[in-house]
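Note: hydrogens, waters and symmetry copies are ignored here, and every other heavy atom, side chains too, is used. All chains are named by letter (A, B, ...) in the order of the sequence lines, taking the proteins before the strands, and each is independently numbered beginning at 1.
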Amino acid sequence: MPTLKINDQEVTVEQGTTVLKAAAETGVEIPTFCYHPGLSAPANCRMCLVEIDGGRGPQLMPACYTQAGEGMDVKTDSPTTKDAQKSVLEFILLNHPVDCPICDQAGECTLQDHYFDYSAQPSRLRHTKVHKPKVKVLGPNIVLDAERCILCTRCVRFCDEVTETHELRVTQRGDHSEITTFPGLDLDNKYSLCTADICPVGALTSRGFRFKARVWNNKRTKSVCDQCARNCSTFVDTLRNDVKRVSPRTNEEVNSWWACDEGRTAFKKYQEGRYLKGVISHEGTTNELAPSDSYHRLGSQLSQTVEAHGGEAVGILIHPSWSNEDIFVAAQFAMEAGFSLYVGGRATDGYEDNILIRGDKNANRYGMNLILEAMGVKHGGVDSLAAAIEAGTIRTLLILDGEHALPESVITSIGQVEKVIALAAWQTPILDAAHVIAPTRLVYERGGTFVNFEGHIQRFHKTQMHDVNILSPWHALSTIARAGGWDMQYDRISDVFAGMAEMVPRFAGLAYQELPDDGVTTVQAASTGAV
Amino acid sequence: MTATVKKVERVVPDLAMKAYVPAILEGLGVTTRHFVQNLGNLVSGRKKSKRGTEEIATIRYPDEKREYPPRYRGHHRLMRREDDQVRCVACFMCSTACPANCIYIEAGEHEDPTIEKFPVRFDIDHLVCIYCGMCEEACPCDAIRMDSGEHTKPKYSRTDQRVHLVDLLERGGPSIAKQGGRFS
Ligand code: SF4
Ligand code: SF4
Ligand code: SF4
Ligand code: SF4
Ligand code: FES
């Protein structure tokens with residue numbers, strides 16, 4: 001446990017801690033480029049040089065790599081350190097194009113920030129700069145501007161150490177060095193967009209986000225990815241009600257610093273065919289309906305069926321990617337009215353790895369199982385739904401969310417159901433069979449909680465809003481229930497959560513407003529077996 | 001501080017003022033004198049008096065228009081490169097600087113890798129614009145200027161006051177300033 005001095009402030013740290021981390025513990029920030037907490041430290045950029053006296057007189061040493069030693073005297077604001085920082089920046093900026101006006105990184109660029117904080121001097125270069133390729137496509141998601149690259153090798157190390165796909169290398173030497181892919185290889189791995197995040201400058205940028213927005217105009221919201229059972233913490237950037245970009249939010253217990261490309265680009269599939277109005281189809285003609293009217297339609301349809309044929313004649317297909325609150329309200333509704341409950345969901349593509357991606361493409365199966373089990377709701381899968389349709393016991397089918405992978409048997413027999421009604425945010429082929437569709441919010445437009453496959457519960461937030469009359473699923477369901485004459489009084493998500501915490505023992509003690517945005521809370525350990 | 005008060009003597013109207021007809025006649029007299037004088041100057045073509053002042057203070061608008069001073073901030077225009085393409089690189093500096101938030105830009109990817117970024121849409125809402133000139137000031141490319149010497153004309157609808165890329169480029173001429181400004 002060495003004790004060292006950082007700017008005359010004593011601090012004791014674990015053996016093996018770097019000076020950079022020791023300084024961070026005392027609240028002193030040392031600028032870095034190549035250092036990333038999730039990668040090895042090659043100490044190649046030299047931005048973190050600080051004056052360290054380890055007993056042999058003061059020397060400049062890289063803080064990201066040097067281990068804290070007993071009695072070290074570190075000076076991060078001495079003239080020598082400041083001069084080193086200024087000189088390193090001058091070197092890095094020597095051939096830099098400084099085309100910030102057309103650089104997507106501008107506004108969140110480490111080089112810009114460090115320049116203003118540690119250098120702020122004009123270029124002294126009197127020769128032409130070295131030119132390199134400006135728009136070099138490296139893979140399906142990533143484009144490189146070799147001139148802007150500062151050769152920190154973060155991207156190379158990411159592909160070597162995290163994905164272990166080894167696509168990138170530095171070629172050439174000196175100021176002609178350039179990042180490139182190995183011949184015949186594309187930067188095409190399942191996490192390639194992370195290289196654009198960790199690139200401290202605008203060298204690697206996302207092709208999907210390229211030129212779509214300037215980052216300072218975006219509104220950033222803390223969210224959670226709903227595309228697989230991992231539930232990566234994310235930031236969702238929106239501009240004028242449109243999602244522009246989804247990027248990982250550091251959460252060491254869930255996703256560390258990363259997120260997969262598929263989850264991050266999923267928002268694009270929801271942009272087409274969005275339901276902003278209710279749809280009612282009758283004998284080949286379709287009409288639009290105000291959202292609130294469509295909820296009433298659904299409510300009266302359900303109560304009619306129940307009156308005529310009893311509760312079991314209504315099938316309700318829930319989605320394991322819906323939030324706990326949505327599923328809880330759906331389950332409570334089904335119990336109260338005696339509906340038959342079926343669980344659908346997205347199909348797996350069979351891929352799973354031990355970085356992040358889970359085979360189960362549904363965000364909240366764990367949470368859903370907790371709720372259904374605790375409430376004792378009988379439920380079946382899509383196969384039993386097919387059997388029930390075949391047997392003709394289902395008169396009205398309420399499909400919740402259109403993104404279900406249904407077996408052929410359901411798709412062919414769905415026409416036999418008298419009335420197919422749906423609550424969905426966007427158009428999918430299975431909704432072609434629906435007679436009435438009521439709109440609801442996408443995951444980006446609502447708040448809620450998910451429980452991931454390890455039992456971590458995370459809260460996500462509302463980012464954007466097209467129309468406030470379109471309700472979140474839980475709210476829409478309780479409106480539908482009320483319209484059908486059932487007693488459901490949920491108007492606030494925190495009330496739903498409180499009701500759920502009362503009923504589901506493993507949510508006991510949690511409160512919606514108190515769930516932290518960062519880090520995780522784990523739902524209480526199961527008393528009996530696995531879920 | 002004590003307030004300083006200046007007393008103004010009230011004009012006590014006499015009988016002639018109270019009757020006000022003589023004052024009206026006096027005013028008509030002044031108008032008629034100027035009318036006759038101007039008519040004479042117009043017919044004889046005399047523009048300046050002996051002292052060099054303008055004889056006729058008015059101009060024949062709209063046949064004749066007054067020149068605005070060179071620093072007048074008028075209708076925006078977007079400048080062109082040497083090959084006539086738009087200079088603007090869609091950096092959003094102008095729209096970021098704009099205090100009225102009236103510039104709407106959509107950027108596109110240019111096929112020429114040396115240009116990279118250019119505006120596919122560039123709208124300015126002239127009903128919202130306050131003609132402050134911040135946009136011109138912020139532009140790193142000498143792409144947007146307000147030196148057209150034209151004021152914004154009245155139009156029949158609000159949407160017509162939203163000027164688009166095409167109008168802005170039509171007014172723009174070539175600029176040979178170094179793209180990227182003095183820091184490149
Ligand atoms: S990488 Fe940073 S400094 Fe370089 S052009 Fe882009 S924003 Fe500017
Ligand atoms: S492309 Fe970016 S991350 Fe890769 S070496 Fe260059 S600056 Fe670093
Ligand atoms: S003149 Fe001022 S208000 Fe008008 S567009 Fe430019 S910056 Fe905006
Ligand atoms: S500041 Fe100039 S270059 Fe940038 S978007 Fe505006 S007009 Fe175009
Ligand atoms: S951050 Fe330490 S050398 Fe790059």
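Not a single donor-acceptor pair under 3.5 Å links the side chain of B:Tyr131 to the backbone N or O of B:His75.
Under a 4.0 Å N-O distance rule, the pair A:Lys277/A:Asp467 does not qualify as a salt bridge. Of the charged side-chain nitrogens involved, none lies within less than 4.0 Å of a carboxylate oxygen, so that A:Lys212 and A:Asp104 do not count as a salt-bridged pair. Ion pairing between A:Glu147 and A:Lys129 fails under the 4.0 Å rule for side-chain N and carboxylate O.
Note that A:Arg220 lies in the cation-pi zone of A:Phe235, set by a 6.0 Å cut-off to the ring centre and a 45° limit from the axis.
Near-neighbour residues of residues 176-193 of chain A relative to chain B, defined by a heavy atom under 4.5 Å from a heavy atom of that chain, are none.
For chain B, no part of A:Arg207 is nearby; none of its heavy atoms comes within less than 4.5 Å.
The neighbour count for A:Lys462 NZ, taken as heavy atoms of other residues, nucleotides or ligands under 6.0 Å away, does not exceed 12.
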